[in-house]
Novice: 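Dropping the structure in here first, questions after.
Computed from a predicted structure; not experimentally measured.
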Amino acid sequence: MSTETVPRTVRVAGVLTTLQAVAALVFVVALLVRSASNDLGGVGQLERGETWGEAGYYALLASGVLAAGIGLIKGKHWARTPALLLQLLLLGTAWYATGPSGRPLIGLIIAVPAVAVLWFLFNREGREWSFHASMAPDARED
C-alpha cells in the first residue's frame, strides 16, 4: 500500500468525526440561542456571559474536532491521534450517561459512532495506513 492511498475506512472515520463536530456546533448554536432568552433557567443561576463563555469553549473544541475530521477525510496522518482521543473521551461520556446518569439511549447515541470510528481506525487498513506515516519518504520498499 502506498503512502498516498488513503483507505476508505479512514475516510469514513473522518466523515463520522466531522459529523460529531457538526453536532457540537449545533450545540453551540443552541447555547447562543438560549443566551438570548430572558429566562436562562437551569440549575443554579446562569449569567449571560457564562453561557457565552461556555459556547465559546465548545466552539473551540468543535473546531478542533472538525479539523481532525477533515484531516482524516483528506488522509492527513496527524488527524488520527486527535480523532482517537476524542472517541475515547466520548466512550467515557457514553458510559456515564448509560450507567450513573441512567440515560441509556443517550449513552448509546454517543457510543455507537465512537466505537465505529475506533474500529475504522484500528482495523487492518487503518493500521497499515497509520504505520506508513513514520516512514521516511526515501525509505521505499521496492
Novice: With sequence neighbours left out, what residues match Ala116 under side chain to side chain contact (heavy atoms under 4.5 Å, CB included)?
Specialist: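 Expected list: Leu16, Phe120.
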Novice: Could you note down all residue pairs passing side-chain hydrogen bond (donor to acceptor under 3.5 Å, both in side chains) where residues 90-115 supplies at least one of them, sequence neighbours left out?
Specialist: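 Matches after skipping sequence neighbours: none remain.
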Novice: How is the hydrophobic cluster of Val29 composed, in terms of its other members, when Ile, Leu, Val, Met, Phe, Trp and Tyr link through side-chain heavy atoms under 4.5 Å apart, directly or indirectly?
Specialist: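 So far as hydrophobic clustering goes, Val29 is joined with Val33.
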Novice: For residues Ala21 and Ala62, report the shortest heavy-atom separation together with the two atoms involved.
Specialist: CB-O, 3.7 Å
Novice: Restricting to pairs with a member in residues 13-33, which pass ring-ring contact (aromatic ring centres under 6.0 Å, His included), not counting sequence neighbours?
Specialist: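 Those involving residues 13-33 are Phe27-Tyr58.
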Novice: In the hydrophobic cluster built from side-chain contacts under 4.5 Å, what are the other members alongside Val15?
Specialist: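 Answer for Val15: Leu19, Ile73.
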Novice: Taking Thr17 as the fixed residue, which of Val22, Leu84, Leu66, Val65 is the one that meets the side chain to side chain contact (heavy atoms under 4.5 Å, CB included) rule?
Specialist: Val65
Novice: Report whether Val115 and Leu72 are members of the same hydrophobic cluster (ILVMFWY, side-chain heavy atoms less than 4.5 Å apart, transitive linking).
Specialist: yes
Novice: Check the hydrophobic clustering (I, L, V, M, F, W, Y; side-chain heavy atoms under 4.5 Å; chains of links allowed) and say if Leu61 and Leu86 are grouped together.
Specialist: no
Novice: With the side chain counted from C-beta on, respond yes when Thr9 and Leu121 share a heavy-atom pair under 4.5 Å apart, and no when they do not.
Specialist: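 No - every pair of side-chain heavy atoms lies 4.5 Å or more apart.
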Novice: By the rule that ILVMFWY residues connect when side-chain heavy atoms come within less than 4.5 angstrom, directly or transitively, which residues belong alongside Leu108?
Specialist: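 Reading the cluster by chain and number, Leu108 sits alongside Val112.
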Novice: State, to 0.1 Å, how close Ala68 and Pro82 come at their nearest heavy-atom pair, and which atoms those are.
Specialist: CB-CB, 4.1 Å
Novice: Suppose the criterion is side-chain hydrogen bond (donor to acceptor under 3.5 Å, both in side chains): which pairs have a residue in residues 61-72, not counting sequence neighbours?
Specialist: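 side-chain hydrogen bond (donor to acceptor under 3.5 Å, both in side chains) check on residues 61-72 returns no pairs.
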Novice: Could you tell me which residues satisfy side chain to side chain contact (heavy atoms under 4.5 Å, CB included) with Ala111, sequence neighbours excluded, listed by chain and number?
Specialist: Leu91, Ala94
Novice: Counting C-beta onward and ignoring hydrogens, is there a side-chain heavy-atom pair between Gln20 and Gln87 closer than 4.5 Å?
Specialist: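 Yes, at least one pair of side-chain atoms sits under 4.5 Å.
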Novice: Quick one: are Ile70 and Lys76 in side-chain contact, heavy atoms under 4.5 Å?
Specialist: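 A side-chain contact under 4.5 Å is absent here.
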Novice: Assess Arg80 against Phe122: is NZ or CZ under 6.0 Å from the centre of the six-membered ring, and within 45 degrees of the ring's axis?
Specialist: yes
Novice: Remaining members of Leu105's ILVMFWY cluster at a side-chain heavy-atom cut-off under 4.5 Å?
Specialist: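 Ile109, which link up through side-chain heavy atoms under 4.5 Å apart, make up the rest of the cluster.
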Novice: Please report the interatomic distance CG(Leu89) to CD1(Ile110), rounded to the nearest 0.5 Å.
Specialist: 12.0 Å
Novice: By side chain to side chain donor-acceptor pair (under 3.5 Å), which residues pair with Trp52, not counting sequence neighbours?
Specialist: Ser35
Novice: Following the transitive rule for hydrophobic clusters with a side-chain heavy-atom cut-off under 4.5 Å over Ile, Leu, Val, Met, Phe, Trp and Tyr, establish whether Leu118 and Val6 coincide in one cluster.
Specialist: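 Same hydrophobic cluster.
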Novice: Output all residues satisfying side chain to side chain contact (heavy atoms under 4.5 Å, CB included) with Ala59, sequence neighbours left out; order by chain, then residue number.
Specialist: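 Checked Ala59 against side chain to side chain contact (heavy atoms under 4.5 Å, CB included); matches are Val28.
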